[in-house]
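Before any comments, here is the structure.
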Amino acid sequence: MAPYQLAPDPASPGERLTVLDPATGEAFDEAPDQRAQELDAVVHRAHEAWRSWRTDPAARAAALLASADAVEAAGPELAPLLTREQGKPLTESYAEIARTAARLRWFAASAPETRTIADGREVHSEIRWRSLGPVAAVVPWNFPLQLASAKFAPALAAGNTVVLKPSPFTPLATRLLGSVLSAALPEGVLTVITGREPLGALLASHPGIRHVTFTGSVPTGRSVAAGAASGLARVTLELGGNDAAILLDDVDVERIADRLFWAAFRNCGQVCMAVKRVYAPARLHGRVVEALAERAKAVVVGAGLDEGTELGPLNNAAQLARVERYTARALADGAGAAAGGHRLDRPGYFHAPTVLTDVPPDSPVVTEEQFGPVLPVLPYGTVDEAVEAANATLFGLGGSVWGTDLDRAEAVAGRLECGTAWINHHAELSLAQPFAGVKESGVGVSGGPWGLYGNLSPFVVHRPQEGRP
């Protein structure tokens, strides 16, 4: 393994952030708990680094390619640390690292296109693109590295510098990632800061920040947007979802059951675009519940570092309590647990994979984002009823339709109020596509060239046509 070293802690020994292992609930390491007064120096260094970083696109592309190589080489160190602090199985941590490297390579090959405006005037008008300056990237705990790269890769490719703030639950792998990248990037181009709130909110409101990109909850997103508004910084917000999967009456239940199960339960359900509600035709409802419950009972739940683990713990005690609360409320209101329905009696933040039936449609486990290994399956009478129920939420991130007649399924998908709709699969994204939500699922667009241009500002130059004074 490469001997990567973490940067010296900027905080004093007394200012520490304890990091817990979600598989045990016990502390296993610490990170700096940085303070607001440190932000001025951090943002100033990012601004100074921006002066030269923005000037040489070829050098930036080379640095991003070298960064991708460095991330892959550091996989044996990064993956176990990510699993230890986040909880996911080790194979998923390696997949997250691979995605991080792939995104760096994709944006290394991306460049904005200079365009000419042809409007009939005797003037040559050209649209060029300029970077914005220091970007604040505030990242949650469910995919710390992958979501960080979704923010810093396009920002760096566009010529900006980045100050990256991970969740206080998962600071360690991100700090190590920052150290790995420091070997490929000039000083000050990417800086990782760690600490408790309100550090992220203060970073977002810092007057030297020109773009704030945030992934997290709706209430925190509103706070971040309000802070960014004080400096008129651009904002990109991805605020979660409550994705519905609609199964049509021609669906092959057994054929799609595995895909549907993992679309809901991957990363212990802690995925913003996971399936969080299933709507099944009344005549197939029992078969769907049975198929999903069978898989929930068979899945191997354990510590992410244990060989054979398929589903790890929830990341933190607060999230486990939220999932328990939503599940208990549904059961108290008359729902039944076809599988699970309770936390597991072991150390750590483990909850049994749970499939709920007979759930009242106004139960919080249906109307809100539970963000855990709990899936309500609801019957419907007509497709119109299913679509209306799927859209009856303040979220609008993703959705899916499952059936044999693809044309019919696509027509139903077109009625979903969301940013991305899938047919017979869910939560699969290409690096080349846009990712955005509607309603309270977000503001702005990330992913693909849209993510690149979201980190740029147009600069228009007019000059007379040749031969004119």
Side-chain angles (χ1 to χ4, degrees), residues 103 107 112 129 131-143 146-158 160 162-167 197-244 271-274 276 367-369 371 391-399 416-421 427 429-458:
R103 185 172 274 111
F107 280 104
W129 297 91
S131 58
L132 304 174
V135 172
V138 183
V139 179
W141 44 257
N142 57 331
F143 290 94
Q146 184 171 318
L147 290 176
S149 69
K151 300 178 186 307
F152 67 66
L156 296 178
N160 304 294
V162 175
V163 181
L164 172 60
K165 160 69 171 62
S167 164
E197 288 306 316
L199 186 65
L202 292 171
L203 173 65
S205 63
H206 194 283
I209 294 295
R210 303 316 312 145
H211 180 199
V212 179
T213 173
F214 167 83
T215 299
S217 70
V218 172
T220 305
R222 287 196 178 101
S223 175
V224 166
S230 65
L232 296 180
R234 185 178 299 185
V235 295
T236 303
L237 308 175
E238 194 270 278
L239 305 179
N242 188 3
D243 290 14
V271 182
C272 59
M273 65 186 108
K276 298 184 175 76
T367 61
E368 301 178 22
E369 183 181 29
F371 216 64
N391 291 336
T393 172
L394 294 175
F395 292 102
L397 193 59
L416 297 178
E417 296 172 357
C418 58
T420 305
L429 296 175
S430 161
L431 294 174
Q433 76 179 68
F435 181 60
V438 300
K439 298 188 278 190
E440 291 191 358
S441 279
V443 174
V445 184
S446 62
W450 299 267
L452 181 71
Y453 283 100
N455 283 280
L456 292 163
S457 179

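Keep in mind that the numbers below use all heavy atoms, side chains included, and drop hydrogens, waters and symmetry copies.
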Just verifying a value: how many Å separate Arg210 CZ and Leu232 CG, rounded to the nearest 0.5 Å?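 The distance works out to 7.0 Å.
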How long is the span from the CG atom in Leu397 to the SG atom in Cys418, to the nearest 0.5 Å?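 Reported value, rounded in 0.5 Å steps: 8.0 Å.
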Can you tell whether the side chains of Lys276 and Glu368 come within less than 4.0 Å, N to carboxylate O? no
Among Thr213, Leu203, Leu237, which residue satisfies the side-chain contact (heavy atoms from CB on, under 4.5 Å) criterion with Val224? Leu237
Side-chain touch [X]/[Y], heavy atoms, less than 4.5 angstrom:
{"X": "Glu238", "Y": "Cys272", "answer": "yes"}
{"X": "Pro140", "Y": "Leu147", "answer": "yes"}
{"X": "Met273", "Y": "Phe435", "answer": "yes"}
{"X": "Leu416", "Y": "Asn391", "answer": "yes"}
{"X": "Ser457", "Y": "Trp129", "answer": "no"}
{"X": "Thr215", "Y": "Phe143", "answer": "no"}
{"X": "Val235", "Y": "Phe214", "answer": "no"}
{"X": "Glu440", "Y": "Arg222", "answer": "yes"}

What do the steps show when you test Glu197 against Lys165 for side chain to side chain contact (heavy atoms under 4.5 Å, CB included), and what is the final call? CA-CA 10 Å; Glu197 288 306 316; Lys165 160 69 171 62; 3.4 Å; yes
Show, in sequence, the C-alpha distance, side-chain angles and deciding distance for Leu394 and Lys439, and conclude whether the side chain to side chain contact (heavy atoms under 4.5 Å, CB included) test is met. CA-CA 6 Å; Leu394 294 175; Lys439 298 188 278 190; 5.6 Å; no
Taking the side chain from [X] and the backbone from [Y], do they hold a donor-acceptor pair closer than 3.5 Å?
{"X": "Ser205", "Y": "Gly227", "value": "no"}
{"X": "Arg234", "Y": "Leu456", "value": "yes"}
{"X": "Glu369", "Y": "Asn242", "value": "no"}

Check Ala158 against Ser131 and note the closest heavy-atom contact, atom names and distance.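 Answer, listing the atom of Ala158 first, then Ser131: O-CB, 3.3 Å.
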Run the side chain to side chain contact (heavy atoms under 4.5 Å, CB included) check on Asn160 and Phe152 step by step: do they pass? CA-CA 9 Å; Asn160 304 294; Phe152 67 66; over 6 Å; no
With sequence neighbours excluded, what pairs up with His211 under the side-chain hydrogen bond (donor to acceptor under 3.5 Å, both in side chains) test? Thr236, Asn455
